[in-house]
Amino acid sequence: MRTQVGIVGAGPAGLVLAHLLHLRDIDSVVLEARTREHVEHRVRAGVLEQGTVDLLVELGVGDRMLREGLVHEGIELQFEGERHRIDFPSLTGGRTITVYGQQEVVKDLIAARLATGRPLLFEVADVSLVDIESETPAIRFVHEGAPTELRCDFVAGCDGYHGVCRDAIPASVLSEFSRDYPFGWLGILAEAPPSNDELIYAYHERGFALHSMRSPSVTRLYLQCRPDEDLDEWPDERIWEELDRRLDLPGWTLNQGEIVEKGVTGMRSYVVEPMQFGRLFLAGDAAHIVPPTGAKGLNLAVADVRVLADALTAWYTANDASRLERYSAEVLRRVWRAEHFSWWMTSMLHRLEGGDAFDAKLQLAQLAYVTSSPRAAASLAENYVGLEQVGG
Ligand SMILES: Cc1cc2nc3c(=O)[nH]c(=O)nc-3n(C[C@H](O)[C@H](O)[C@H](O)COP(=O)(O)OP(=O)(O)OC[C@H]3O[C@@H](n4cnc5c(N)ncnc54)[C@H](O)[C@@H]3O)c2cc1C
């Protein structure tokens, strides 16, 4: 098999890249380890920045998102028994976010890919990369029992944090930067209408809670917990009781419904540099992870491949390698901005293990500042909706 760009992973990064390349007449093959059913039902992120929404529309895969996605013009921060709204349009020159589940984005992208007739292979196994320093790198894999070698001009490693592409780069070349947080999120999806029009980020002495949603009839809720929290200790009533306590506000009620999905997610910040080696380019979670507090993971993955697609286009259409050479340096500026924002939101809103009354006072002072100073609020807002330009 031969293609121009071999793409490992059919998550948001791999699928958006494949579609961008298709629209520029660049061939690609997408290889995905899991089944189509699995990737289309994997519940993960749900907040799309304005730039992500604009790109999906530009790609022609945004129709359902525009119909079913929920446009939000702000978020609420709750602490000390009060809610404070951060209004995005007035603080960011009219920008908003859209709530639309990652699995829905993935469904739309898979449908668009299949409609192009270009290859997207599910359930590939034993994926490995060879010759990535040569001009014809290859991806070896097994599909439907047949060992196959796919020769490419370039390989895009879009295979997430647990993928194999990052490990194909010699360890001596890579620098890793990481921070593990001593807490996680217990997340549920409930068949209940959202109890508020916007997301509520609640700082509480018992721990952080988040009220979010996926549709007018499905609520997504999170509780700060231990990273290794045992879900067996969390029967449904205990989850609702704890959410009620942490989100409590006089006169407000949290709608309850059947819990259809429950899981614990650890929190981590992680970046690997550089994001390229030879003819291999990493994008999305394969190269960086953020804690979900800033809602940046999916958006960063999409921002990476937008740059990569432009760089590959410059190479194919103008024989210009300079954009590819600069790829890692260019995307890492946005990555580190998002890493800082995600760490900052996480540190401000979570009960800090081992923290004392002084830490709590600092967090409350920061929350009071962010919700009372228009300049501080604008900083949060512009990062949340996504910065168009990240300097450096
Ligand atoms: C449980 C969970 C909850 C999350 N919640 C949020 C949230 O609320 N908000 C937020 O902003 N972000 C959240 N994120 C992060 C966000 O979902 C990711 O940042 C986003 O999925 C990144 O997209 P990606 O395409 O880079 O990677 P992924 O979506 O991980 O896609 C990688 C793909 O590669 C495939 N793959 C892996 N290994 C191989 C291989 N060897 N060969 C072929 N294919 C392979 C995987 O099956 C997967 O389909 C969450 C992540 C997780 C894990």
Side-chain angles (χ1 to χ4, degrees), residues 6-18 29-49 52 97-106 109-110 120-129 139-143 150 155-168 184-189 199 201 210 212-214 220-222 227 261-270 275 281-305 308 331 335 338-339 341-342 345-346 384 386:
I7 301 175
V8 186
L15 291 166
V16 169
L17 177 64
V29 172
V30 185
L31 305 173
E32 166 58 47
R34 311 300 294 255
T35 63
R36 178 177 178 184
E37 167 80 9
H38 179 89
V39 295
E40 289 190 341
H41 292 90
R42 203 161 37 189
V43 177
R44 288 184 167 180
V47 172
L48 307 184
E49 292 176 357
T52 304
I97 53 156
T98 296
V99 173
Y100 187 64
Q102 177 169 331
Q103 72 277 21
E104 305 305 325
V105 174
V106 165
L109 286 163
I110 287 176
L120 161 53
L121 309 184
F122 291 99
E123 296 181 79
V124 301
D126 300 333
V127 174
S128 65
L129 308 188
I139 309 171
R140 293 195 180 137
F141 59 96
V142 175
H143 186 240
L150 173 66
V155 175
C158 303
D159 50 349
Y161 183 66
H162 299 288
V164 295
C165 290
R166 189 173 64 245
D167 291 342
W185 280 9
L186 193 167
I188 63 163
L189 206 58
L199 275 72
Y201 287 79
L210 173 61
S212 180
M213 66 287 293
R214 288 294 179 265
R220 182 94 166 124
L221 295 148
Y222 296 96
E261 150 111 24
K262 219 190 264 192
V264 171
T265 312
M267 303 274 242
R268 190 157 201 226
S269 298
Y270 174 86
M275 286 171 56
F281 294 83
L282 302 177
D285 278 18
H288 43 73
I289 299 283
V290 284
T293 328
K296 288 283 159 260
L298 183 161
N299 296 294
L300 270 186
V302 170
D304 285 357
V305 296
L308 184 54
V331 296
V335 167
E339 288 288 344
F341 178 66
S342 306
M345 287 281 280
T346 302
Y384 200 96

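Ligands are counted one by one from 1 in listed order, and the atoms in each one are counted from 1 as well.
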Polar contacts were defined as any N/O atom of the residue lying under 3.5 Å from an N/O atom of the ligand; does this apply to [X] and ligand 1?
X: Pro12; result: yes
X: Gly284; result: no
X: Thr265; result: no
X: Trp185; result: no
X: Ala13; result: yes
X: Arg44; result: yes

Within-4.5 Å side-chain heavy-atom neighbours: [X] and [Y]:
X: Ser128; Y: Val164; result: no
X: Val302; Y: Glu49; result: no
X: Phe281; Y: Val331; result: no

Have a look at ligand 1 and work out which part of [X], if any, has a heavy atom under 4.0 Å from it: side chain, backbone, both or neither.
X: Leu31; value: backbone
X: Cys158; value: backbone
X: Ala45; value: both
X: Asp159; value: both
X: Val8; value: side chain
X: Gln102; value: side chain

If every non-hydrogen atom of Leu120 is compared with every non-hydrogen atom of Ala10, which pair is closest and at what distance?
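Smallest heavy-atom distance, with atoms named: CD1-CB, 4.0 Å.
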
Grab the two heavy atoms, one from Val47 and one from Ala295, that are nearest each other, plus how far apart they are.
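Here Val47 and Ala295 meet closest at CB-CB, 3.6 Å.
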
Which one of Val127, Ile139, Leu129 satisfies the side-chain contact (heavy atoms from CB on, under 4.5 Å) criterion with Cys165?
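That would be Leu129.
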
Compute the minimum heavy-atom distance from [X] to ligand 1 and say whether it is under 4.0 Å.
X: Arg220; answer: no
X: Tyr222; answer: yes
X: Leu298; answer: yes

Minimum-distance protein heavy atom relative to atom 31 (O) of ligand 1:
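So the nearest neighbour among protein heavy atoms is Gly11 CA, 3.4 Å.
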
At what distance is the nearest protein heavy atom to atom 44 (N) of ligand 1, and which residue and atom is it?
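Closest protein heavy atom to atom 44 (N) of ligand 1: Ala33 N, 3.1 Å.
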
Proximity winner for atom 18 (C) of ligand 1, if only heavy atoms of Asp167, Leu282, Asp285 are counted
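Considering heavy atoms of Asp167, Leu282, Asp285, the nearest to atom 18 (C) of ligand 1 sits in Asp285.
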
Taking the basic N atoms (NZ, or NE/NH1/NH2) and the acidic carboxylate oxygens, is any pair closer than 4.0 Å for Glu261 and Arg220?
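Arg220 and Glu261: not salt-bridged.
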
Using the six-membered ring wherever Trp is involved, compare the ring planes of Trp185 and Tyr222 and label them parallel, tilted or perpendicular (cut-offs 30° and 60°).
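Rings of Trp185 and Tyr222: tilted, 30 to 60°.
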
